Asks: 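Mind having a look at this structure? Questions to follow.
Because the structure is predicted, anything quoted here is derived from the model rather than measured. Sequential numbering from 1 along the given sequence is applied to the chain's residues.
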Amino acid sequence: MRDTSSLRGHRVHLQRGWRQDEALHLAPLAEAVRSGDAIEALALLRGGTLRNVHFHEGADDPLHARPGLLAHWRALATLTDPAEALRQANRLRLLTALREGAQGARGLNARIEATLSGRRIGTPPAWFPGRLLLVTRNSHRHKLFNGDVGICLPDANGTPLAWFPGEGSIGTRAFHPAALPAHESAFAMTVHKAQGSEFDEVWLQLPRADSRVLSRELVYTGLTRARSALHVAGSAEVIAAALGRHAGRVSGLGWRLRRR
């Protein structure tokens, strides 16, 4: 057994994020957000000196501020290879701080579904080519779990199916939409649901007004989901309020370590 006594009283601080590629200069902004320095974070966002970091100050409607979002999702419906469609889907994601409200995931998904499918807002979402799906309840029978993302596309015979990434050498797995566990659309996702994921391009939409849900940890998690390009949309006041709020977590870990 190795002697680890020399590590006691030390800590390791990672200084480079390996998720981001060279096209995205995110580190200074991530550090300012992590430390809660709203003045520095806003100066960096407004300065325009960070590669592929874009600040849409005051923008509260991503579908108007970034028309390319809808174009990206429309293009998914034209693809015939489910594996390629899933890869393209993960190139871009709209992330939100809240689930409800005009800038929340549910409200934005309802608008996006209506625009892409031609159905009225408020009607139950239907299967349509290119619809992104987020599983919200584990199904061990299907081997689909909370957070898994799939896409609706017809097979070669025109049968509507929901496709999800496969396991091992299996490229994709197909399910009839009616057989799926609980799910919802995934064009817009909350930052909470996106934890552990990464996307080439991220649009992080903050709400119009401050919320207790907002914190520096949430903003940090949202912006560090991006690999190559980041868009941050919101007001300076909301960003400052979020970075001034620390989301504490009571785990009992410190107490247990002190007892050792």
Side-chain angles (χ1 to χ4, degrees), residues 24 26 29-30 32-48 50 52-74 92-117 119-123 125 132 134 136 184-195 197 199 201-226 229-248:
L24 178 60
L26 185 61
L29 176 62
V33 169
R34 189 189 66 81
S35 62
D37 189 342
I39 294 176
E40 176 66 11
L42 286 167
L44 289 168
L45 285 169
R46 288 167 167 163
L50 302 180
N52 281 331
V53 174
H54 311 279
F55 185 33
H56 305 266
E57 187 166 0
D60 57 17
D61 187 348
L63 304 186
H64 285 163
R66 182 79 168 163
L69 291 171
L70 286 170
H72 169 76
W73 293 319
R74 284 195 177 100
L92 183 152
R93 195 58 49 88
L94 169 57
L95 299 183
T96 70
L98 307 179
R99 178 169 175 78
E100 306 295 340
Q103 291 83 40
R106 181 173 287 179
L108 286 168
N109 274 321
R111 290 180 56 205
I112 295 164
E113 290 164 1
T115 301
L116 297 180
S117 69
R119 296 168 65 92
R120 290 197 312 254
I121 294 178
T123 58
L132 296 180
L134 175 71
T136 58
E184 59 191 27
S185 287
F187 300 106
M189 293 172 58
T190 63
V191 172
H192 174 72
K193 287 288 188 181
Q195 290 187 79
S197 301
F199 312 98
E201 182 177 343
V202 164
W203 180 288
L204 177 60
Q205 181 65 55
L206 298 175
R208 184 180 294 118
D210 186 26
S211 166
R212 289 187 301 173
V213 173
L214 290 172
S215 67
R216 68 183 70 168
E217 289 82 5
L218 183 143
V219 175
Y220 179 88
T221 300
L223 61 87
T224 56
R225 299 310 92 194
L230 170 69
H231 297 263
V232 179
S235 69
E237 293 76 17
V238 167
I239 291 173
L243 300 196
R245 187 178 291 116
H246 181 67

Asks: How long is the straight-line distance from CG of L134 back to CG of N109, given to the nearest 0.5 Å?
Replies: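 Answer rounded to 0.5 Å: 9.0 Å.
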Asks: State, to 0.1 Å, how close A41 and L243 come at their nearest heavy-atom pair, and which atoms those are.
Replies: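 Closest approach of A41 to L243: CB-CD1, 3.7 Å.
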Asks: Nearest 0.5 Å please: distance from the NE2 atom of H72 over to the CG atom of L94.
Replies: 11.0 Å
Asks: Is it true that atom NE2 of H192 has more than 12 heavy atoms of other residues, nucleotides or ligands lying nearer than 6.0 Å?
Replies: no
Asks: Do the non-hydrogen side-chain atoms of R225 and M189 ever get within less than 4.5 Å of each other?
Replies: no
Asks: Between V213 and L98, is the side-chain contact (heavy atoms from CB on, under 4.5 Å) condition met? List the steps.
Replies: CA-CA 7 Å; V213 173; L98 307 179; 3.9 Å; yes
Asks: What is the minimum heavy-atom distance between R34 and R216, and which atoms define it?
Replies: O-CD, 3.5 Å
Asks: Distance check, rounded to the nearest 0.5 Å: L218 atom CG versus L204 atom CG?
Replies: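 L218 CG to L204 CG: 7.5 Å, rounded to 0.5 Å.
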Asks: Which heavy atom of V238 sits nearest a heavy atom of P207, and at what distance?
Replies: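 Minimum heavy-atom contact is CG2-O, 3.7 Å.
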Asks: If I take atom CG from residue L42 and atom CG from residue D37, how far apart are they, to the nearest 0.5 angstrom?
Replies: 9.5 Å
Asks: Please give me the minimum heavy-atom distance between A30 and T224, naming the atom from each residue.
Replies: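 Minimum heavy-atom separation between A30 and T224: CB-CG2, 4.3 Å.
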Asks: Check whether Q205 reaches the backbone of Q103 with its side chain - one donor and one acceptor, N or O, closer than 3.5 Å.
Replies: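 No; zero donor-acceptor contacts below 3.5 Å.
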Asks: Measuring only between side-chain heavy atoms, which start at C-beta, is L206 closer than 4.5 Å to L214?
Replies: yes
Asks: Do L223 and V202 touch side chain to side chain, with heavy atoms closer than 4.5 Å?
Replies: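 Heavy-atom side-chain distance check fails, nothing below 4.5 Å.
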Asks: Could you check whether any side-chain N or O of S185 sits under 3.5 Å from a backbone N or O of F187, counting only pairs where one atom can act as donor and the other as acceptor?
Replies: no
Asks: Is there a side-chain contact between N52 and L230 (heavy atoms, below 4.5 Å)?
Replies: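 No, their side chains stay 4.5 Å or more apart.
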Asks: Which pair of heavy atoms, one from L95 and one from A194, lies closest together, and at what distance?
Replies: CD2-CB, 3.6 Å
Asks: Under a 4.0 Å threshold between the charged nitrogen and the carboxylate oxygen, would R99 count as salt-bridged to E184?
Replies: yes
Asks: Start with the C-alpha distance between L50 and L26, add both sets of side-chain angles, then the distance that settles side-chain contact (heavy atoms from CB on, under 4.5 Å), and finish with yes or no.
Replies: CA-CA 7 Å; L50 302 180; L26 185 61; over 6 Å; no
Asks: Where the side chain of R111 meets the backbone of A102, is there a donor-acceptor pair that is under 3.5 Å apart?
Replies: no
Asks: Rounded to the nearest 0.5 Å, what separation is found between the CG atom of L116 and the CH2 atom of W73?
Replies: 7.5 Å
Asks: Can you measure from CZ (F55) to CG (L29) and round to the nearest 0.5 angstrom?
Replies: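 Reported to 0.5 Å precision, the distance equals 10.0 Å.
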Asks: Write down the atom of A65, the atom of A59, and the distance for their closest heavy-atom approach.
Replies: CB-CB, 4.2 Å
